[in-house]
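Working notes, beginning with the structure itself.
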Amino acid sequence: MLNLVLFGPPGAGKGTQAEFLIENFDLIHLSTGDLLRSEIAAQTELGIQAKSFMDKGELVPDEVVIKMIESKLAANKTAKGFIFDGFPRTVAQAKALDSLLDNNATPVSAMMCLEVEKAELINRLLNRGKTSGRPDDANEAVIENRINIYNVKTMPLINYYEGKGKYRPIKGMGTIEEIALRLKSAVENL
Ligand code: AP5
Ligand code: MG
């Protein structure tokens, strides 16, 4: 089983690159951001609560996203593997993922970390914001907040996975195709 954590700051290209990886390696894509946006679109209780955090660029509480991942893992027991996109984002989430996967004796294979310069992240997100309708792409202050939260709460996961020998930095600048090739060969070399 191949369980990849696709990691990186907002706008790093996690969602874009996940599309190539699921095709190449026949994996199931689990994006907590996409799952939360579906809950918002369906106007569920969970979605209404999550929206207040997301619109400001704050993290949704750990227990909410952990439960979502737990139920998706339970619903896909025969999968060849998963791409976790935008999850885990805190050390508590990473520990929860480890214990959820250990239950199935199929640990995280690697954490692929897309490295992109801050100015490029802001450009990409403002650009998407012109058409995406995502409130968290609409203004630069919220984008800055998302990047700051990534630096404070999410970056510590680099040490967490490095300590387990699972950290793989990948240059995330360049064309989408160039980055896809880098990722593909990094995964093939695992
Ligand atoms: P989430 O949906 O995960 O958003 P994010 O990580 O902030 O960032 P994005 O998804 O916007 O970026 P991405 O890396 O996927 O890049 P993409 O491929 O889209 O989370 C949203 C919110 O939900 C969070 O703020 C939080 O509130 C909540 N949340 C989610 N997960 C959570 C968790 N685990 N715990 C707590 N809260 C959670 O690319 C971005 C743009 O750039 C696109 O337009 C794309 O076309 C373009 N692009 C991609 N690659 C390139 C390239 N090489 N060159 C030029 N443009 C490119
Ligand atoms: Mg994304």
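Counting convention: from 1, in listed order, for ligands and their atoms alike.
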Using distance alone, determine whether [X] and ligand 1 share an N or O pair under 3.5 Å.
X: Gly15; value: yes
X: Gln17; value: no
X: Leu59; value: no
X: Val65; value: no
X: Gly11; value: yes
X: Asp85; value: no
X: Leu125; value: no

For [X], is the nearest heavy atom under 4.0 Å from an atom of ligand 1?
X: Asn127; answer: no
X: Ser31; answer: no
X: Pro9; answer: yes
X: Glu178; answer: no
X: Gly8; answer: no

Revision key, fill the gap. Ligand 1 to Gln93, heavy atom cutoff 4.0 Å, flagged ligand atoms 33 (C), 34 (N), 35 (N), 36 (C)
Review point. Are the side chain of Asn139 and the backbone N or O of Val142 linked by a donor-acceptor pair below 3.5 Å?
Key: yes
Practice item. Take Phe82 and Phe87 through the ring pair (Phe, Tyr, Trp, His ring centres under 6.0 Å) test and state the conclusion after the steps. Key: CA-CA 11 Å; Phe82 296 91; Phe87 180 91; over 10 Å; no
Where the closest heavy atom to [atom] is concerned, which of [options] has it?
atom: atom 29 (N) of ligand 1; options: Leu36, Leu35, Thr32; result: Leu36
atom: atom 1 (P) of ligand 1; options: Arg89, Arg146, Glu58, Arg124; result: Arg89
atom: atom 4 (O) of ligand 1; options: Arg134, Lys14, Met54; result: Arg134

